[in-house]
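This report refers to the structure that appears directly beneath it.
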Amino acid sequence: MEKLGQDFYSGKNVVLLAKQLIGKVLVTDFNGFRTSGRIVETEAYNGVIDKASHAYGGRNTNRTKVMYMPGGTAYVYLCYGIHHLFNVVTNQENIPHAVLVRALEPLDGIEKMLERTGKPKLDNSLTRGPGNVSKALGIAASHSSLSLLGDHIYIMDDGFTIEPSTVIASPRIGVDYAAEDAALLYRFYVAGNKYVSGKNKPLNVSQYPIRNP
DNA sequence: CTGACGATTCACT
DNA sequence: GTGAATCGTCAGC
């Protein structure tokens with residue numbers, strides 16, 4: 001059981017990092033309430049050359065400047081006026097790579113997550129989809145720019161390994177506006193896991209070959 | 001200052 | 001499958 005450190009987040013290949021984050025444990029600890037879940041779905045956003053990225057073309061605004069911070073920083077933003085989406089900034093300073101965490105399998109603090117989301121009981125909607133992940137873990141836009149090397153939001157490797165053949169690569173969700181980049185296989189998920197959002201091919205692995213970029 | 005809109009979710013048909 | 005909710009952000013005037 002060990003917290004991911006700077007070396008992990010400094011990795012230069014954001015697509016590989018998105019894949020490597022599958023199976024890790026995302027933890028938040030606010031006001032003494034610890035909540036966590038195993039990451040089962042991620043998406044990579046490949047910096048200035050990725051039309052689906054907020055930093056495409058070097059775009060650097062008050063909101064997106066967080067993406068230019070060093071790897072290991074939280075990038076959280078409000079989407080559709082309702083949902084806070086949590087991303088892990090990767091690579092080094094001034095290279096705006098990020099990984100969106102889209103789904104978790106709940107582990108610790110499920111009662112607290114139910115309280116935050118107003119759900120009556122645990123089901124697959126608690127941490128399914130990026131908006132729900134943030135809501136359940138208590139992550140808000142005000143946490144953007146927070147270091148993941150600190151004590152409030154961080155990611156653990158607990159030694160649990162997802163069978164590699166069950167980690168599927170697919171196109172990202174909701175990025176049709178990104179033209180040809182919408183087809184890139186930058187989304188990763190655990191095949192058949194009930195917390196995975198959107199399309200979830202249970203077993204037909206061959207259709208979406210995993211490529212180590 | 002203004003208007004269009006989004007890396008979504010949920011209720012409803 | 002369709003549509004509403006809801007507001008900070010950002011490009012453009």
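Every chain is numbered from 1 and lettered A, B, ... according to where its sequence line falls, protein lines coming before strand lines.
The separation between A:Lys135 atom NZ and C:dA5 atom C1' is 12 Å, rounded to whole Å. If you measure from atom CG of A:Asn62 to atom P of C:dA11, you get 12 Å, rounded to the nearest angstrom.
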Take A:His143 and A:Phe30 through the test ring pair (Phe, Tyr, Trp, His ring centres under 6.0 Å) and record every step on the way to the result. CA-CA 11 Å; A:His143 296 119; A:Phe30 300 125; 4.6 Å; yes

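Residue contacts shown for A:Arg63 are limited to sugar-phosphate atoms, with no base heavy atom under 4.0 Å away. Within the 4.0 angstrom heavy-atom criterion, only backbone atoms of the sugar-phosphate kind lie near A:Lys119; the bases stay farther away.
Ionic pairing of A:Glu105 and A:Lys194 is not present here: no N-O contact between side-chain nitrogen and carboxylate oxygen is shorter than 4.0 angstrom. A:Arg34 has a carboxylate O that lies under 4.0 Å from a charged side-chain N of A:Asp108, or vice versa, which qualifies the two as a salt bridge. The pair A:Asp151-A:Lys3 counts as a salt bridge, with a side-chain nitrogen and a carboxylate oxygen less than 4.0 angstrom apart.
Taking hydrophobic clusters as Ile, Leu, Val, Met, Phe, Trp and Tyr residues chained together by side-chain heavy-atom distances below 4.5 Å, A:Val15 does not share a cluster with A:Tyr75.
Mapping heavy-atom proximity under 4.0 Å, the span of DNA chain B touched by chain A runs 5' to 3' from B:dG6 to B:dC10.
For the residue pair A:Arg128 and A:Ser197, no side-chain donor N or O sits within less than 3.5 Å of a side-chain acceptor on the partner.
Residues from residues 71-105 of chain A with heavy atoms under 4.0 angstrom of DNA chain C, sorted by number: A:Leu78, A:Tyr80, A:Gly81, A:Ile82.
In this structure B:dA4 sits in a base pair with C:dT9, meeting the Watson-Crick or G-U test at under 3.5 Å.
Comparing the P positions of C:dT6 and B:dT2 gives an interatomic distance of 22 Å, to the nearest angstrom.
For the pair A:Arg102 and A:Tyr189, the NZ or CZ position fails the cation-pi test of under 6.0 Å to the six-membered ring centre and within 45 degrees of the ring normal.
A:Arg59 has a side-chain polar atom (N or O) that falls below the 4.0 Å cut-off from OP1 or OP2 of C:dA11.
Checked against A:Thr35 for a side-chain hydrogen bond (donor to acceptor under 3.5 Å, both in side chains), the options A:Lys112, A:Glu115, A:Glu111, A:Arg116 give a single hit: A:Arg116.
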